[in-house]
Amino acid sequence: MGKAERKRWSEDFSEWYNELIEVAGIQDKRYPVKGMNIWLPYGLKIMRNIEKFIHAEMERTGHEEVLFPALIPETEFQKEAEHIKGFEGEVYWITHAGLDPLDVRLILRPTSETAMYSMFSLWIRSHADLPFKVYQIVNVYRYETKHTRPLIRVREISRFFEAHTAHDSYEDAERQIKEDLEIFDRLAKFLALPYIVSKRPEWDKFPGAYYSVGAEVMMPDGRTLQIGTMHNYRQNFAKAYNIQYETETGDHEYVHQTTFGMSERLLAAVIAVHGDDRGMVLPPTIAPIQVVIVPIPKKDSEADVFAYARELAEELRTAGIRVHVDERDIRPGRKYYDWELKGVPLRIEVGPRDVEGKKAVLARRDTLEKITVERDNIVGEVRKTLDAIHENLYQRAKEFLEGHIKRVDTIEEAKAVFEDRRGIVEIPWCGEEECGLKMEEELDAKMLGIPYPEEDAKAPEGKKCPVCGREARFIARFARTY
RNA sequence: GGGGCCGUGGGGUAGCUUGGUCUAUCCUGCGGGCUUUGGGAGCCCGUGACCCGGGUUCAAAUCCCGGCGGCCCCA
């Protein structure tokens with residue numbers, strides 16, 4: 001794994017993370033409202049690069065972008081019983097306009113189902129309108145009562161992605177979930193993030209959903225972070241919001257619906273999963289600066305390292321690489337630390353020796369290794385190295401994830417995992433809620449669910465549920481979560 | 001849901017127990033100058049803070065109440 005140390009990263013992750021968010025210029029947490037932070041330019045640029053990919057994927061898969069208002073009337077919000085039960089404890093209410101109380105109170109959207117679906121019932125008329133696929137990236141508000149954490153648990157999720165679809169059958173909705181998983185997989189590869197997908201247990205599905213699926217990554221401290229969800233609503237919302245279409249035979253049917261959700265947690269995952277003691281390590285795909293060139297001037301040298309650096313930069317820029325020349329009047333060492341903290345994947349150092357010998361020194365952020373290359377091959381070498389960095393980040397994270405998944409047969413073994421290095425425990429389960437909740441309590445962990453797709457979720461022959469002793473039907477996953 | 005700790009320049013802190021030279025400490029950052037430049041060099045000058053509101057008192061960073069904000073533990 002190279003010489004990059006990840007001691008503080010792994011042993012004191014919480015503090016490492018909090019500090020890094022600020023010093024690396026991602027967010028300023030000092031805004032005086034709990035759980036609402038300010039995006040700083042550098043952090044926002046990274047997030048925008050992630051979103052660019054998401055927009056492209058939406059375009060590719062035929063989703064149209066929309067923008068709904070942030071306010072939802074109480075009357076719309078209350079139409080789906082389970083949904084309101086799930087969210088009423090954490091919505092912000094708007095009760096007054098100026099000095100007057102509102103006749104119909106408004107909520108700040110915690111998610112947009114209830115804002116969108118009354119409109120869906122107006123828009124969707126015929127089977128020809130289906131499948132109907134829209135998405136938006138907006139801010140949503142949830143009054144979190146647990147302690148907040150930047151990008152991870154916030155009261156204003158400022159980059160909330162939500163795709164909403166409507167279909168003429170359960171099967172077509174299922175096909176949509178598959179497509180969502182494929183999109184998610186492409187995004188995860190783009191971010192060099194290995195992940196697992198689980199079907200949530202009944203007691204933890206999204207309020208109003210028929211079933212929910214969640215994608216998790218492994219954080220440095222062995223806890224998991226959910227970074228994507230897909231829900232099949234069946235006709236639950238369609239019935240509550242009267243979303244019907246006319247079939248080819250003239251009958252009226254309720255649509256089947258799905259949603260797919262993600263947020264700035266994607267960035268949190270990138271920062272946490274790939275980081276090390278020196279700061280962030282950004283995958284080249286989303287790094288605002290992919291290559292930083294640091295000129296190393298020498299007092300009694302004729303060589304113009306600055307001109308040489310600019311020349312290299314121009315050539316790389318022309319080749320489509322995001323490059324920056326750091327010409328600040330400070331010592332080179334200081335610059336190295338700055339850009340390492342900010343996660344720039346590749347640094348090029350050019351001093352008088354390099355100018356004279358027509359060379360350049362490439363320093364990788366992930367492994368901290370340095371190699372000297374010929375100036376004439378610079379574009380090829382940089383491309384090759386950026387690719388290698390991306391691949392290495394993915395492999396390193398994959399090993400970490402896989403090394404933190406353990407399959408056990410008993411509660412005792414599972415407990416031992418959580419006492420030791422944590423991670424994800426896979427344990428046989430009969431499928432009964434009572435036994436699942438019992439295990440959550442015993443392990444002081446959450447059931448993520450069963451592996452998805454469900455073909456992978458079946459328990460091997462002869463395995464017993466460690467709580468009730470009956471034949472196990474599934475493999476259930478448990479973890480401490482964020 | 002229950003309990004505890006905390007809030008001092010941009011960041012990190014000393015001071016609070018026992019109110020009074022606190023005109024508030026130190027490190028860092030930031031602006032300027034000299035000097036330096038293959039991994040955070042040094043020196044000099046400058047800059048900048050007691051979360052908000054109320055109370056007690058001759059006197060509040062310090063004590064009390066409330067609010068806002070942050071952190072931790074338990075369920």
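Order of the sequence lines sets the chain letters (A, B, ...), proteins ahead of strands, with each chain counted from 1. Quick caveat: nothing in here was measured; it's all calculated off a predicted structure.
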If you find the nucleotide of RNA chain B closest to A:R155 and the one closest to A:E22, which residue's nucleotide is nearer the 5' end?
A:E22

Send over the distance from A:E144 CD to B:G70 C1', rounded to a whole Å.
17 Å

Whole angstroms only, please: what is the OH-P distance between A:Y336 and B:G38?
8 Å

Answer for the Watson-Crick or wobble partner of B:U18, both distances under 3.5 Å, is none

Can you tell me the pairing partner of B:C71 across any strand shown, Watson-Crick or G-U wobble, with both distances under 3.5 angstrom?
B:G4

Sticking with atom C1', work out how far B:C30 lies from B:A49, rounded to a whole angstrom.
15 Å

For B:C30, give its Watson-Crick or G-U wobble partner with both distances under 3.5 Å, or none.
B:G46

Give me the distance, rounded to whole Å, that separates B:G9 from B:A24 when you measure between the P atoms they each carry.
15 Å

Would you mind reading off the distance between A:R331 atom CZ and B:U35 atom P, rounded to a whole angstrom?
15 Å

Short side-chain N/O contact from A:K34 to OP1 or OP2 of B:G70, under 4.0 Å:
yes

Return the nucleotide paired to B:U23: Watson-Crick means purine N1 to pyrimidine N3 with N6-O4 or O6-N4, wobble means G-U with N1-O2 and O6-N3, both under 3.5 Å.
none

Looking at A:E144 and A:R155, is there a salt bridge between them, counting it only when a charged N and a carboxylate O are closer than 4.0 Å?
no

Spacing between A:D329 atom CG and B:U35 atom P, to the nearest angstrom
12 Å

Are A:E413 and A:K406 close enough for a salt bridge, meaning some N to O gap below 4.0 Å?
no

Inter-nucleotide P distance (B:C71, B:U28), Å rounded
28 Å

Pairwise P distance, B:G19 and B:U13 [rounded to whole Å]:
26 Å

Rounded to whole angstrom units, what separation is found between the NZ atom of A:K29 and the P atom of B:G7?
18 Å

For A:V23, which contact category applies under a 4.0 Å heavy-atom criterion: base, sugar-phosphate, or nothing?
nothing

Expressed in angstrom and rounded to an integer, what is the separation of A:D444 atom CG from B:C73 atom P?
12 Å

Distance between the P atoms of B:C6 and B:U62, in whole angstroms?
14 Å

Quantified in whole Å, what is the P atom distance between nucleotide B:G4 and nucleotide B:G66?
13 Å

Could you tell me whether the side chains of A:E162 and A:T259 share a donor-acceptor contact shorter than 3.5 Å?
no

May I ask which nucleotide in the shown strands pairs with B:G53, Watson-Crick or G-U wobble, both distances under 3.5 Å?
B:C65

Between the base of B:G39 and the side chain of A:R347, is there a donor and acceptor pair under 3.5 angstrom?
yes

Kindly say whether the aromatic ring centers of A:F260 and A:H231 come within a distance under 6.0 Å.
no

Both A:V33 and A:A363 contact RNA chain B. Which one's nearest nucleotide lies toward the 5' end?
A:A363

Measuring from the side chain of A:Y337 (C-beta onward, heavy atoms only), which nucleotide among B:C71, B:G39, B:C72 has the closest atom?
B:G39

Can you tell me how far C1' in B:G69 sits from the matching atom in B:U25, rounded to whole Å?
25 Å

Around atom NZ of A:K29, are there more than 12 heavy atoms from other residues, nucleotides or ligands closer than 6.0 Å?
yes

Is it the case that B:G10 (base atoms only) and A:D28 (side chain only) share a donor and an acceptor within less than 3.5 Å, ignoring hydrogens and angles?
no

Quick one: do the A:D221 and A:Y17 side chains pair a donor with an acceptor below 3.5 Å?
no

Between B:G29 atom P and A:E19 atom CD, what is the distance in whole Å?
15 Å

Between B:A41, B:U37, B:G11, which nucleotide has the shortest distance from any of its atoms to the side chain of A:R30?
B:G11

B:C52 and B:C68: how far apart are their P atoms, nearest whole angstrom?
16 Å

Would you kindly check whether a donor in the side chain of A:E340 faces an acceptor in the base of B:G39, or vice versa, at under 3.5 angstrom?
yes

Among B:G29, B:G38, B:G11, find the nucleotide with the atom closest to the side chain of A:R334.
B:G29

Base, sugar-phosphate, or nothing: which does A:G89 touch, judged by heavy atoms less than 4.0 Å apart?
nothing

Rounded distance in Å - CG (A:D338) to P (B:C30):
9 Å

Give a yes or no on this: more than 12 heavy atoms of other residues, nucleotides or ligands lie within 6.0 Å of atom NZ of A:K438.
no

